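Below is one structure, written out as structure tokens; comments come after it.
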Amino acid sequence: MQALANYYDATAGVRPPRPALAGAVEAEVCIVGAGFAGLATALGLLERGMKDVVVVEAQHVAFGASGRNGGFVFGGYSLDCADLLAQLGPERAKAAYALTREAVQLIRERVARHAIECELVEGGALLANWFDDEAILRRQQRLMQEHFDVHWRFVPKQELREWVDSTRYGAALLEPDAFHFHPLKYALGEAAAIESLGGRIFESSRAIRIEQRHGGMRVHTAAGTVQARHVVIAGGGYLAQLVPALERAILPIATYVMTTEPLGEALHALIPSRAAIYDTRFAFDYYRKLNDTRLLWGGRISVRDRQPDEIARFLKRDMLRVFPSLCDAKIDHAWGGMMSYARHKMPQIGRLPNGLWYGLAFGGHGVAPTTAAGELLAAAIAHGEPLPAGFERYGLQRTWRPAGLMAAQATYAWFQTKDWWRERR
Ligand SMILES: Cc1cc2nc3c(=O)[nH]c(=O)nc-3n(C[C@H](O)[C@H](O)[C@H](O)COP(=O)(O)OP(=O)(O)OC[C@H]3O[C@@H](n4cnc5c(N)ncnc54)[C@H](O)[C@@H]3O)c2cc1C
């Protein structure tokens, strides 16, 4: 059987139709892109009392990475914590990490406040050790405790079977504050909250040009314009041919997810816990149970777009390395999505000299950081608050496409080889 595309699309329910932008519209703020970064910025502005907020989206709400991701909601960034600490020093690294912890909490609060039905599961995130070397986990646990004031619980190998029944792993660390959810339902809930607070969202409205006009900016789409005092670019890995200074600084990179058919009790036997699970390799797998007893499985990156059947084939191979008993499980859905990455692997949040705001490059660890960025951008625009110290370090470093894309693919292959070698040892 052929694997279908995005499971979330198939299960998000009926979506309210949203108009395309037509004619001339005025606003305080115009946001380009209705992914988590754009939606969180819009919501943050409206919650701060700003009235005229308009979002223009090329396709539909959460068309991009935000409606396709693994659904893990946890602290941290794509840049790992040891590097964050080395680059920013103890105080700033801790503060930068804290922003993402607060964002995890803010997402919880928004789910409750706006009654968003998004299958939120409070199960924590389990970092399972692919290698038989306890020191890896102990080091990570110490780092999180000493420098980030976060306690990840050590789960010994004997206990791990109560969490995940696979012989593949050594021990694990549990991040208890993490949760997982249906990301598209959450994004649609955010969009509804924006509209209930007076914000406007236009779908099928790609921004094709931005010009400076009347002391503000004018965003052009095929059939309309938005004249706004502030414009925020939040186009993720789908941003193209709009703002070269930003596009030069990001690499669009694909990653993949699939879901099995419903597995019934067999799934609960394999994963008795409610945790979302990933592992300690650079090129790690990540997976979680869905309410309808499917297993959602993700992993791998590439610079190529791939078809559902191909994705299903290689992700199933990965899944069988962890759960060989699922060899007969059918794969119902498989899809890919584009992430935007900066060379430094941190988000790019800031303002260009011409006044254009941006929140980009959240990479593969973006649910909490996009929410944090939304808060920072909203506070900067609504109240003139400065961005936190340290973020200026993560500027618009040029990525030199297409050479940068080839380098990213080669780096990934190199780390995969290192994972393989470490496993053999
Ligand atoms: C398969 C996959 C799995 C992932 N798993 C996880 C996970 O489990 N946990 C986690 O924390 N992170 C995960 N991530 C990363 C996370 O999803 C992203 O970092 C985050 O969603 C990025 O949000 P964004 O708003 O920046 O971009 P997007 O969600 O991509 O949104 C950008 C939007 O801008 C629109 N757009 C672009 N150009 C224009 C234009 N010119 N005019 C109008 N609109 C435009 C696009 O259509 C799109 O809707 C995953 C990503 C992928 C792809």
Side-chain angles (χ1 to χ4, degrees), residues 6-8 20-21 30-42 55-78 100 103-104 107 125 178-181 183-184 186-187 190-191 201-210 219-222 226 231-243 246-247 250 252-258 276-278 284 286-288 296-302 306 311 315 334-341 347-349 358-374:
N6 192 336
Y7 166 85
Y8 299 126
L21 181 71
C30 175
I31 295 163
V32 176
F36 285 149
L39 295 170
T41 306
V55 182
V56 290
E57 164 55 48
Q59 309 282 342
H60 52 76
V61 168
F63 162 82
S66 304
R68 302 164 187 245
N69 64 63
F72 283 47
V73 186
F74 45 8
Y77 299 92
S78 287
T100 64
V104 171
I107 296 171
F179 62 86
H180 54 101
F181 68 178
L184 179 55
Y186 176 68
E190 275 188 303
I201 301 173
F202 295 99
E203 295 189 327
S204 308
S205 302
R206 174 177 295 281
I208 50 179
R209 188 160 63 85
I210 300 172
V219 177
H220 294 255
T221 68
V226 184
V231 173
V232 182
I233 302 296
Y238 296 81
L239 187 68
Q241 297 178 353
L242 186 65
V243 190
L246 298 178
E247 287 147 37
I250 50 172
I253 291 183
T255 179
Y256 310 99
V257 182
M258 67 171 193
I277 300 166
Y278 64 121
F284 57 87
Y286 53 93
Y287 52 93
R288 62 190 183 91
L296 177 143
W297 188 278
R300 307 221 185 186
I301 66 147
S302 140
R306 292 185 146 125
I311 297 168
L315 287 185
W335 66 96
M338 302 305 291
M339 310 171 286
S340 65
Y341 266 96
Q348 291 165 328
I349 304 168
Y358 55 88
L360 294 164
F362 298 97
H365 196 129
V367 179
T370 45
T371 305

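Just so you know, residue 1 is the first one in the sequence shown, and it goes up from there. Every value quoted in this text rests on a predicted model; they were computed, and no experiment measured them. For ligands, and for the atoms within them, numbers begin at 1 and follow the listed sequence.
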Legend entry - Closest protein heavy atom to atom 2 (C) of ligand 1, given as residue, atom name and distance to 0.1 Å: T255 CG2, 3.4 Å
Inset, instruction - Report the nearest protein non-hydrogen atom to atom 45 (C) of ligand 1: residue, atom name, distance rounded to 0.1 Å. - result: A58 CB, 3.7 Å
In the structure I gave you, are the side-chain heavy atoms of [X] and [Y] within less than 4.5 Å of one another anywhere?
{"X": "F72", "Y": "H365", "value": "no"}
{"X": "I107", "Y": "F179", "value": "yes"}
{"X": "M258", "Y": "Y256", "value": "no"}
{"X": "L242", "Y": "I210", "value": "yes"}
{"X": "E190", "Y": "F36", "value": "yes"}
{"X": "V73", "Y": "Y186", "value": "no"}
{"X": "H180", "Y": "L296", "value": "no"}

Shortest heavy-atom approach to [atom] - which of [options]:
{"atom": "atom 6 (C) of ligand 1", "options": "N69, V243, V61", "result": "N69"}
{"atom": "atom 3 (C) of ligand 1", "options": "Y256, Y238, Y286", "result": "Y286"}
{"atom": "atom 29 (O) of ligand 1", "options": "G236, G38, A103, S66", "result": "S66"}
{"atom": "atom 35 (C) of ligand 1", "options": "E57, E203, R300", "result": "E57"}
{"atom": "atom 53 (C) of ligand 1", "options": "G337, S205, P369", "result": "G337"}
{"atom": "atom 32 (C) of ligand 1", "options": "G366, G235, A187, A34", "result": "G235"}
{"atom": "atom 39 (C) of ligand 1", "options": "M339, R68, R206", "result": "R206"}

Answer yes or no: does an N/O atom from [X] fall short of 3.5 Å to an N/O atom of ligand 1?
{"X": "A368", "answer": "no"}
{"X": "A65", "answer": "yes"}
{"X": "V367", "answer": "yes"}
{"X": "G70", "answer": "yes"}
{"X": "G363", "answer": "yes"}
{"X": "F72", "answer": "yes"}
{"X": "F74", "answer": "no"}

Within a distance under 4.0 Å of any heavy atom of [X], pick out the atoms of ligand 1 and give their elements.
{"X": "A37", "value": "25 (O), 26 (O)"}
{"X": "V257", "value": "1 (C)"}
{"X": "H365", "value": "10 (C), 11 (O), 12 (N)"}
{"X": "F63", "value": "47 (O), 49 (O)"}
{"X": "A234", "value": "32 (C), 33 (C), 34 (O)"}
{"X": "V32", "value": "40 (C), 42 (N), 43 (C)"}
{"X": "G33", "value": "33 (C), 34 (O), 35 (C), 44 (N)"}

What part of [X] sits under 4.0 Å from ligand 1 if we count only heavy atoms: the side chain, the backbone, both or neither?
{"X": "V56", "result": "backbone"}
{"X": "A62", "result": "neither"}
{"X": "T370", "result": "side chain"}

Supply the atom-to-atom distance [X] [atom1] to [Y] [atom2], rounded to the nearest 0.5 angstrom.
{"X": "T41", "Y": "Y358", "atom1": "OG1", "atom2": "OH", "result": "13.5 Å"}
{"X": "R68", "Y": "M338", "atom1": "CZ", "atom2": "CE", "result": "9.5 Å"}
{"X": "I201", "Y": "L39", "atom1": "CD1", "atom2": "CG", "result": "6.0 Å"}

Inset, instruction - May I ask whether G71 has any heavy atom positioned less than 4.0 angstrom from an atom of ligand 1? - result: yes
